[in-house]
Each structure stands twice: as structure tokens, then as C-alpha cells.
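Step one of this worksheet: look at the structure below.
Everything numeric in this text was worked out from a predicted model, so none of it was measured. Every heavy atom of this structure was used, including side-chain atoms; hydrogens, water molecules and symmetry mates were not. Chain A is the first sequence line, chain B the second, and so forth, proteins listed ahead of strands; every chain is numbered from 1.
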Amino acid sequence: MAKEITSREEDYSKWYLDIVRKAGLADNSAVRGCMVIKPTGYAIWENMRDQLDKMFKETGHVNAYFPLFIPKSFLSKEADHVEGFAKECAVVTHHRLMNNPDGSGVVVDPSAKLEEELIVRPTSETIIWNTYKDWINSYRDLPLLINQWANVVRWEMRTRPFLRTAEFLWQEGHTAHATSQEAIEESQLIHEVYARFAEDYMAMPVIKGAKSANERFAGAVETYTIEALMQDGKALQAGTSHFLGQNFAKAFDVKYLNSANKEEYVWATSWGVSTRLVGGLIMTHSDDEGLVLPPKLAPTQVVIVPIPKPSPEIMEVAAKIKKELNAHGVSVKIDEDAKKRPGFKFAEYEMKGVPVRIGIGKRDLEKNQVEVARRDTKTKESHSLDGIATHVVELLDVIQSNLFNKAKQFRDDMTSEANDFKTFEELINDKGGFVSAHWDGTVESELKIKELTKATLRCIPNDAVEESGKDLISGAPSSKRVLFAKAY
RNA sequence: CGGGGCGUAGCGCAGUCCGGUUAGCGCACCUGUUUUGGGAACAGGGGGUCGCAGGUUCGAAUCCUGCCGCCCCGACCA
């Protein structure tokens with residue numbers, strides 16, 4: 001009633017913004033393109049971060065922190081890299097303000113101009129490789145496996161909460177290796193970690209694959225990507241892992257002595273995922289009633305609502321259930337608000353995406369039971385108080401896998417094949433989703449398709465089967481299919 | 001950067017065309033009463049430099065000039 005969400009069918013973009021706002025995830029801020037991440041939104045990010053951090057550490061990485069600012073000269077050392085980021089950098093030119101002589105506030109003090117401008121990092125390859133130069137001398141210093149959790153700034157023309165903001169939070173891994181093979185394996189390992197995180201924790205199915213040269217990260221030799229499909233049929237690049245070859249080692253002169261006492265350039269990778277994942281999470285599962293969160297990432301997994309309001313008997317049972325669930329590692333909130341009515345609370349927690357709601361009323365207690373409601377299916381059932389904790393723990397698992405299966409079913413339904421351009425165009429325009437088609441490997445065909453349909457080459461899937469076919473544009477022979485889609 | 005739209009209470013809006021008592025409505029908020037198993041009702045109450053700066057006028061949210069900001073759609077991008 002009071003908090004209607006625009007339906008997905010009516011306006012998908014508005015629906016997304018409504019969810020972000022009404023579920024209390026983020027607000028626009030006083031700064032154009034920058035959002036305020038509110039406690040609930042940040043809690044989701046924290047859960048993502050904690051899990052990813054654990055996975056990085058399990059695969060041998062450690063965290064460090066590098067400066068927010070990068071000397072301008074650093075950015076120009078790798079040609080492709082600067083080309084890729086130059087257009088969207090924030091630049092610091094001065095270091096002091098002063099009172100305006102006319103009394104109208106503060107102005108930049110012209111005498112405080114910096115010798116060399118500083119760039120607010122859009123990504124940290126350059127400052128990190130400049131540092132690695134000092135850290136790496138011998139093959140015994142390798143591999144160097146470092147990650148940092150940080151904020152970066154990319155001055156985007158058009159922004160949307162989580163999906164694209166001028167400032168965003170992310171992690172960026174930067175590793176150095178003695179051999180090309182080892183670096184490639186590292187980038188593929190992280191690619192796997194990202195895919196596993198997306199599927200097992202976010203319940204978001206992804207296609208693993210490589211980027212075309214055209215879509216590659218600025219300065220990379222190879223970019224591996226995980227691509228997810230949103231409910232409006234558009235693809236979302238959810239995480240990328242790059243094999244950087246020796247590009248940055250050469251640009252920053254990072255060499256090591258091998259065991260034969262011979263000097264060699266090191267091999268590099270970099271990889272990152274950002275708060276964009278929160279946007280992907282929202283768009284993968286949520287519905288017209290509000291946010292839907294997979295249990296593994298939900299800040300509150302279970303909410304207990306006393307019906308019609310808290311009473312000593314109900315609160316006693318609620319506290320007992322909470323304690324048991326906490327013992328299983330489940331996060332539980334008991335709603336103690338005596339003023340709001342149950343119906344209001346039900347709608348509110350649905351809006352906020354809490355996976356399981358337990359309703360406890362006098363009538364339930366008389367029958368030694370409670371009401372258990374699922375957010376994903378919007379169904380509810382009564383369950384005996386005996387064994388309730390175990391039941392809920394199992395239910396959370398069921399919800400987690402149901403969300404994944406539902407999303408995967410959708411993704412599969414929305415993946416089509418096209419063998420000629422006309423079919424391709426119709427699929428992209430009318431149906432959306434991924435379209436699998438043959439491609440001759442040239443940037444010309446890829447750009448032509450983008451120009452004609454706005455679809456981009458999302459990836460060359462790892463599991464693409466060998467199969468002879470013809471490029472949609474040039475008709476040139478191709479040995480496997482690649483995936484196209486309109487993307488965020 | 002192109003196109004469109006909007007700035008009036010925390011949020012959503014009306015009022016602006018055609019200037020005129022004390023700027024209004026819904027939600028939210030505070031107090032009270034009655035309620036309470038799917039978004040309660042009633043009563044009372046608090047909250048506004050009407051985006052900013054000039055100008056016209058006896059009088060400006062309203063007319064004029066300039067500026068600023070934000071949102072949406074595109075191109076660019078994680």
C-alpha cells in the first residue's frame with residue numbers, strides 16, 4: 001500500500017531503483033554519482049567481503065593496502081592502460097583551501113598547486129607495480145600474492161546504485177610470478193574462485209569464459225570473466241581476472257634473478273570484484289514484492305514476529321528459538337516493536353528480503369507450533385516447536401538452492417542459438433538473454449554486431465564445444481560458438 | 001556530452017498558466033484512546049530560508065533574467 005514497488009514489467013529500471021531505496025540498501029548522496037551505502041546494503045557487502053576474503057586466504061593470498069593517490073606519471077607508463085582509464089579519472093591538483101577574500105566561503109589556494117598532479121586511483125596496477133619493483137629481487141620472492149580491499153573512483157557519465165557508481169568498493173588482487181604458466185594458472189584459479197562464490201553464495205549462475213581482445217581489460221593479455229544474466233535479459237559482468245603477461249613488469253622495470261642467476265621480467269595477474277555484485281544479487285533474485293536474498297548472504301536470515309505483539313509467553317519462546325538458531329550460526333532478529341501490526345511487519349520484511357520469517361501467536365503456542373514463511377516462494381506452513389531450529393536450518397539450505405536453480409533455469413531458458421544474423425537480431429531484440437553464435441575472431445565482426453544490435457561479445461565460454469560454423473557477419477569459418485548479449 | 005524531466009516538510013506530490021489572507025495534501029514522525037493472526041481507526045500535535053541570486057511589484061512559490069543541482073533515457077564503462 002504505502003510502499004508500492006514499481007513492477008518489473010512496467011519499468012525494470014525503476015523497479016531496481018525502488019528496491020534499492022525501499023529495502024534500505026543505499027541512497028543518493030550529495031555527490032553526483034556517489035551513493036551512500038546504508039547499513040543493510042553494507043551488511044550484504046560485508047558478508048560478501050568476508051566470504052571472498054576467506055577464499056582468497058585459503059588460496060594463499062594476503063591483504064595489504066596501497067595509496068588512494070597515484071602520481072600522474074605512473075599512469076602513462078603502460079600505454080593501453082592509460083588509454084583505457086584516462087577519460088574517467090579524478091585529478092587532485094591542489095592541497096589547500098583558503099577563505100575567499102570577498103568573504104563568500106572557501107576557495108582553492110592558488111599557491112598550493114601540486115608539482116605533479118595526483119590521480120585518484122581508478123585501479124591500482126601502476127602504484128602497486130611501482131612498489132613491487134622494490135619488493136622483488138629473486139625468484140625466492142615469488143610468487144607474490146597480494147590482495148587489497150579498497151575504494152576506487154571512475155568518473156562515469158551515467159551511474160546507477162551499485163551497478164555503476166563514480167566511487168565503488170572492491171577488492172583487487174595483484175600477483176607476480178616467475179613464469180607465464182604460473183601466472184595464467186593464478187588468473188584461472190581466481191576465475192574459479194569467483195565463479196564458485198557467485199554460484200554457491202550469491203546463488204547466481206555464471207558463464208565462465210574469456211573476453212575477446214576488444215573487451216579485454218586495458219593492459220591485459222587475457223581477461224577471464226564470469227557473466228551472469230539479469231531478469232530483464234541483460235548480461236552483467238560480475239568479476240574479471242586478468243593475465244597481464246609482462247606488460248606491467250616491463251613498464252615498471254620489475255625483474256628478478258632466476259636460479260641460474262639470470263635476470264628476467266616477472267609475470268603478472270590482477271583481478272577484482274566490486275560492490276556491483278550487490279546490484280547483481282538484487283537483480284538476480286528479487287521480485288515485485290521487494291528484495292530477495294540468498295540465505296548465505298542475508299544480514300538477517302530469520303526474523304521472528306510476535307503475533308499480534310510481544311507478550312511474555314511469546315517472547316520466551318522467541319528467545320529460545322533465537323538461541324538455538326544462533327547456536328547453528330543463523331542470524332536472527334526478534335521484532336519487539338509493539339506498535340506496528342503483524343501485517344505491516346510481514347510486508348516490511350518481505351521488502352527487505354529476509355529469507356525466513358517465523359510468526360508466533362497465542363493460537364500457535366496452544367498447539368505447540370509456529371508459523372514458518374519463506375521469502376523465496378512466499379509460502380508458509382506450521383511447524384512443531386520440537387525440532388524447529390533444525391527445520392529452519394535445513395529450510396535455509398533449501399531456499400539457497402531453490403534460488404540458484406530458479407536463476408539457472410531462467411538463464412538457460414534465456415540462452416538461445418543463432419546461425420544467421422537475422423535470427424540473431426530477432427533474438428537479441430525480442431527475447432534478450434544470451435545468444436550463442438559463431439564468430440570469426442575478428443574485431444570487425446564484433447564491432448559490427450555491436451553497432452547493429454547493441455549486443456556485445458560477453459565471452460568465449462570455457463566449455464564451448466568444437467563445432468564448425470560461419471561468422472554471422474563475414475561468413476568466415478569459425479570453430480566454436482561465443483556468447484553475445486546486451487549488457488549492463 | 002546529446003535528449004527529456006524535475007527542484008515546495010524526511011519521502012511522494014498539489015498549488016505556478018491567470019501574483020493577493022496564516023502555503024496545502026498523502027505517507028512518515030510525536031502524544032493519547034480504542035484496536036491487533038497480512039500494510040488499523042479516531043483525535044490532537046511538531047516540522048517549510050517554496051534550489052540559489054538578482055529584478056518587476058503595494059505585494060512573488062507564482063512574472064522576468066541569470067546561475068546551480070538532481071533524476072531518467074542514450075553514447076562510454078566494472
G-U wobble or Watson-Crick pairing nucleotide for [N] (cut-off 3.5 Å, both distances):
N: B:rU35; answer: none
N: B:rC50; answer: none
N: B:rC58; answer: B:rG20
N: B:rG74; answer: B:rC1
N: B:rC11; answer: B:rG26

Only counting residues at least two apart or in another chain, list the ones meeting ring-ring contact (aromatic ring centres under 6.0 Å, His included) with [X].
X: A:F434; value: none
X: A:Y132; value: A:W129, A:W135
X: A:W155; value: none

Between [N] and [M], how many Å separate the two [atom1] atoms, rounded to a whole number?
N: B:rC29; M: B:rG74; atom1: C1'; value: 40 Å
N: B:rC6; M: B:rA28; atom1: P; value: 28 Å
N: B:rU16; M: B:rC76; atom1: C1'; value: 38 Å
N: B:rG20; M: B:rC63; atom1: C1'; value: 14 Å

Q) Which nucleotides of nucleotides 29-38 of chain B have their base under 4.0 Å from a protein heavy atom (B), which only their sugar-phosphate (S), and which neither (-), written as one string 5' to 3'? A) ------BBBB

Q. Do A:V91 and A:F69 have side chains that get closer than 4.5 Å, going by heavy atoms?
A. no

Q.
Rounding to an integer number of Å, can you tell me how far A:N214 CG sits from B:rC77 P?
A. 8 Å

(Q) In this structure, how many angstroms lie between the C1' atom of B:rG39 and the NZ atom of A:K22, rounded? (A)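 Whole-Å distance recorded here is 13 Å.
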
Q. What does A:R154 touch in the nucleic acid at a heavy-atom separation under 4.0 angstrom: a base, only the sugar-phosphate, or nothing?
A.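 A:R154: base contact, heavy atoms under 4.0 Å.
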
Q. So what does A:Q237 touch, heavy atoms closer than 4.0 Å: a base, only the sugar-phosphate, or nothing?
A. sugar-phosphate

Q) Heavy-atom contacts under 4.0 Å between residues 165-174 of chain A and RNA chain B, which residues? A)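 Only A:T165, A:F168 qualify.
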
Could you pull out the protein-nucleic contacts involving nucleotides 71-75 of chain B (nitrogen or oxygen on both sides, under 3.5 Å)?
from	atom 1	to	atom 2	distance (Å)
B:rC73	OP1	A:S13	OG	2.6
B:rC73	OP2	A:R158	NH1	2.6
B:rC73	OP2	A:R158	NH2	2.7

(Q) Just by distance, no angles: are the side chains of A:S7 and A:D288 close enough, under 3.5 Å, to form a donor-acceptor pair? (A)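 No, no side-chain donor-acceptor pair sits under 3.5 Å.
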
